[in-house]
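What follows is a single structure, written as C-alpha cells, with notes after it.
As the structure is a computational prediction, the values presented were derived from the model and not from experiment.
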Amino acid sequence: MALQRRVAVIGAGPSGLAAARALDRAGLDLVGYEAHDDVGGLWDIDNPRSTVYDSAHLISSRTTTQFDELPMDSSADYPGHRELLRYFRTYADVFDLRRHYRFGTRVVAVEPADDDASGASGWHVHSTGPDGATTVEHVGHVVIANGTLAEPNVPTFDGDLTAELLHSSEYRSADVFAGKRVLVVGGGNSGCDIAVDAVHRAASVDLSVRRGYWFVPRYLLGRPTDTLNQGRPLPAKIKQAVDSRVLMLLNGDPQRFGFPAPDHKIYESHPVVNSLVLQHAGQGDLKVRQDIRRFDGDTVHFVDGTTGTYDLVLLATGYRLDYPFVDPKHLAWDGPGSGGAPELFCNIVPPSFNGLFVVGMLEASGIGWQGRAEQAELVARLLAAQAAADDGDVAARERVEAFRRRVAGRWPDLTGGYRYLGLERMSYYVNKDAYRRTVRGYVRDLTAPKSGDRR
C-alpha cells in the first residue's frame with residue numbers, strides 16, 4: 001500500500017490545537033479527531049472527559065502559559081477554566097482550525113498498515129463517529145495529542161471503605177462537601193486546591209499526604225511568581241539555594257502545620273502553587289494527616305497509628321498516561337501503570353521513527369502551552385522536510401537524515417541539572433529552559449534556509 005502524506009491529529013485540546021496549527025502552517029494535509037463536540041479538551045467543563053472543577057484556575061501565570069502568537073485577551077494573572085475555554089475557541093477561530101476536525105468522533109484504534117510496525121506503509125486510524133458508525137482512514141503519520149490528565153490514577157488500599165469515595169476527576173463543586181467530614185488524599189496542586197474549597201463547606205477537612213512539598217505563593221513582590229527570573233536562567237544549584245531560602249522566609253516551615261519535610265530539593269518535583277493551604281492549616285481549618293495504612297468502614301487508619309472517621313474520601317492522586325487506542329510497543333512503552341512513560345526522543349518521537357508522534361507528553365515548571373507548540377513545530381518541520389526529501393530535495397533529505405542520526409545517537413540532557421524524583425508522574429518531566437532550547441535548535445536545523453541565508 002502506497003504511503004500517504006496525510007497526518008492524523010488525535011485531540012483538540014491545547015496540544016491538539018498546537019499540532020493542527022503547526023501542521024497547517026507548514027502546508028501539510030491533516031485530519032483531526034475529537035471525541036467531544038468542540039475544541040478545548042479538559043478545559044471544557046461540559047466535556048464528559050473533563051477533569052476540571054468549578055474553582056479551577058491556572059497554576060502558572062497567563063503570560064508564561066499562553067501561546068506566543070496569540071496573547072490571551074485577559075487581565076487576570078491566573079485565569080479560570082471558563083476564560084481558558086474561550087481562549088482556545090478563539091485560537092481555533094483565528095487560525096481556522098475547526099475545518100480540519102471531525103468532532104464527536106472517537107479514535108478507537110491506530111494500527112500499522114500491512115502489519116508493518118516500521119510505519120513504512122502508514123497507519124490505519126479507526127474511529128467511531130457521532131452516528132456510531134466506524135470508519136478507517138489510511139494516513140502516513142499520526143500525532144497523538146489527547147492529553148495527560150484524563151485517566152485517573154486510583155491507588156489500592158487495604159481494607160474496605162463504607163464512606164463515599166471520589167477521585168478528583170469526578171469533583172466539580174464544593175457543594176459535595178456540605179456538612180461532611182472530609183478526607184482529601186494527596187497534597188499536590190489539585191489536592192491542595194480542593195482542600196481549600198472544602199474548608200468553606202465541610203464539617204471538617206483532613207489532608208493526607210505521603211511526602212513533603214515545597215509551597216510557592218502565586219505572587220511575590222506584587223507580581224506572579226513565575227514571571228520573575230525569566231531572563232537567563234540561574235544554574236540549578238544556585239536557584240535551588242536562593243529560592244528555598246526565599247520560601248522559608250515567606251512561608252516559614254510547613255512542618256509547623258503538620259506537613260512532612262520534603263524528601264527532595266525544590267524543583268526536583270513539581271512545587272505546590274498554593275499558600276492558602278498553609279493559611280488554613282495554620283487557622284485550624286484543616287488538619288494534615290500522614291499516609292493511609294488501611295480502611296475500616298468509615299474509619300481510616302494512618303501510618304502513624306492515628307485514625308479518623310469520614311463521610312467522604314476524595315482521592316487527589318493524579319493521573320496516568322493513557323493512549324488506549326495504540327499498542328504501547330509502538331511508543332517504546334510497557335503500557336499504563338508500568339512505572340514510566342513512553343521512551344520518546346524529546347518526549348515526542350519514538351526511537352523506531354515509525355511515523356507516530358506524541359505532542360503534550362510534557363511536564364515542567366513554567367513550560368506553558370508554548371512548550372507544546374514548539375513540540376508541534378518540531379513535528380511539522382520534520383514532516384515538511386521529509387515531504388520535500390521525497391520530492392527530490394537533496395538538502396531536505398540531509399536535514400532529515402541528520403535528525404535521524406540524533407535520534408539514533410545519544411539523547412540530549414533535558415534536566416537542566418536538576419535531579420528529579422524517580423516517580424511515575426515525573427517520568428516525562430523536563431527543565432523548561434533546557435527543553436525549549438533543545439527543541440528550538442532541532443526546529444532550526446530542520447527548517448529550509450530562506451533565499452540568501454547562510455547556515
Side-chain angles (χ1 to χ4, degrees), residues 152-171 174 176-215 244 247-248 251-266 268-272 274-320 337 339 421-426:
N153 176 47
V154 181
T156 58
F157 299 95
D158 290 337
D160 296 312
L161 182 72
T162 57
E164 183 180 2
L165 183 68
L166 290 177
H167 188 271
S168 58
S169 61
E170 304 169 273
Y171 172 67
V176 72
F177 300 129
K180 296 178 182 177
R181 299 164 297 177
V182 174
L183 174 67
V184 178
V185 181
N189 280 286
S190 292
C192 289
D193 281 353
I194 293 170
V196 169
D197 279 357
V199 299
H200 302 291
R201 300 298 307 276
S204 64
V205 181
D206 288 359
L207 177 64
S208 169
V209 297
R210 179 175 295 180
R211 57 171 25 92
Y213 299 86
W214 291 92
F215 295 90
S244 61
L247 290 182
M248 187 64 71
N251 295 331
D253 187 350
Q255 293 182 74
R256 288 183 56 231
F257 308 118
F259 286 96
D263 58 355
H264 58 281
K265 295 180 180 179
I266 189 171
E268 292 179 347
S269 181
H270 204 77
V272 176
N274 187 323
S275 51
L276 286 176
V277 71
L278 299 179
Q279 175 182 319
H280 284 296
Q283 293 175 177
D285 298 330
L286 67 83
K287 181 178 181 180
V288 180
R289 295 282 200 165
Q290 293 194 18
D291 197 11
I292 293 173
R293 184 185 300 279
R294 64 183 175 89
F295 293 146
D296 182 13
D298 62 358
T299 299
V300 176
H301 296 256
F302 300 98
V303 296
D304 62 353
T306 62
T307 62
T309 302
Y310 304 99
D311 304 301
L312 189 154
V313 176
L314 187 141
L315 304 177
T317 48
Y319 298 87
R320 290 183 174 179
L421 287 179
L423 305 174
E424 183 171 352
R425 64 179 172 81
M426 299 293 296

Tell me yes or no: between the side chains of Arg211 and Ser269, is some donor less than 3.5 Å from an acceptor?
no
Leu312 side chain reached by Leu166 side chain, heavy atoms, under 4.5 Å:
yes
Any idea which heavy atoms bring Leu207 and Gly191 closest together, and the distance?
CD1-O, 4.3 Å
Which pairs with one or both residues in residues 278-297 pass ring pair (Phe, Tyr, Trp, His ring centres under 6.0 Å), sequence neighbours excluded?
Phe157-Phe295, His200-His280
Could you check if a side-chain atom of Ser168 sits within less than 4.5 angstrom of a side-chain atom of Leu314, using non-hydrogen atoms only?
yes
Side chains of Phe302 and Ser208: does their closest heavy-atom pair fall under 4.5 Å?
yes
Check Ala281 against Phe257 and note the closest heavy-atom contact, atom names and distance.
CB-CB, 3.7 Å
Is atom CG of Asp304 surrounded by more than 12 heavy atoms (other residues, nucleotides or ligands) closer than 6.0 Å?
yes
Would you compute the distance between atom CG of Asp296 and atom OG1 of Thr309 and round it to the nearest 0.5 angstrom?
9.5 Å
Suppose we screen for ring pair (Phe, Tyr, Trp, His ring centres under 6.0 Å). Which residues come up paired with His301, at least two apart in sequence or across chains?
none
Can you find a pair of side-chain heavy atoms, one from Pro254 and one from Tyr213, that are under 4.5 Å apart?
no
Please find the pair of heavy atoms, one from Ser190 and one from Ala316, that lie closest to each other, and give the distance.
C-CB, 4.4 Å
Quick one: do Phe177 and Val199 satisfy side chain to side chain contact (heavy atoms under 4.5 Å, CB included)? Show the steps, please.
CA-CA 9 Å; Phe177 300 129; Val199 299; over 6 Å; no
Side-chain heavy-atom pair Asp311, Val182 within 4.5 angstrom cut-off:
no
Determine yes or no for a side-chain-to-main-chain donor-acceptor pair under 3.5 angstrom, with Asn153 supplying the side chain and Thr317 the backbone.
yes
Might you point out which heavy atoms bring Val303 and Arg293 nearest each other, and give the distance in Å?
O-NH2, 2.8 Å
Nearest 0.5 Å please: distance from the CG atom of Asp253 over to the CG atom of Leu247.
12.0 Å
Nearest heavy-atom contact between Asp197 and Ala174 is O-CB, 4.0 Å
Enter the distance from His270:NE2 to Arg425:CZ here, rounded to the nearest 0.5 Å.
9.0 Å
Is atom NZ of Lys180 surrounded by more than 12 heavy atoms (other residues, nucleotides or ligands) closer than 6.0 Å?
yes
Is any side-chain heavy atom of Arg294 closer than 4.5 Å to one of Ile292?
no
Ion pair Arg289/Asp206, N-O distance below 4.0 Å:
yes
Can you tell me how far the CG atom of Leu423 sits from the CD atom of Glu268, to the nearest 0.5 Å?
11.0 Å
So for atom CZ, which belongs to Arg181, do other residues, nucleotides or ligands contribute more than 12 heavy atoms lying within a distance under 6.0 Å?
yes
Atom CG of Leu183 and atom NZ of Lys287: how far apart are they, to the nearest 0.5 Å?
11.5 Å
Measure across Val288 and Gly258 and return the closest heavy-atom pair with its distance rounded to 0.1 Å.
CG1-O, 3.4 Å
Would you say the side chains of Asn274 and Asn189 form a donor-acceptor pair under 3.5 Å?
no
Run the numbers on Phe215 and Val277 for side chain to side chain contact (heavy atoms under 4.5 Å, CB included), then give the verdict.
CA-CA 9 Å; Phe215 295 90; Val277 71; 3.6 Å; yes
Do the side chains of Leu315 and Val313 get nearer than 4.5 Å, heavy atoms only?
yes
CA sep, side-chain torsions, deciding dist, call: Asp263, Leu421, side chain to side chain contact (heavy atoms under 4.5 Å, CB included):
CA-CA 9 Å; Asp263 58 355; Leu421 287 179; 4.2 Å; yes
Student check: side-chain heavy atoms of Asp298 and Tyr310 closer than 4.5 Å:
no
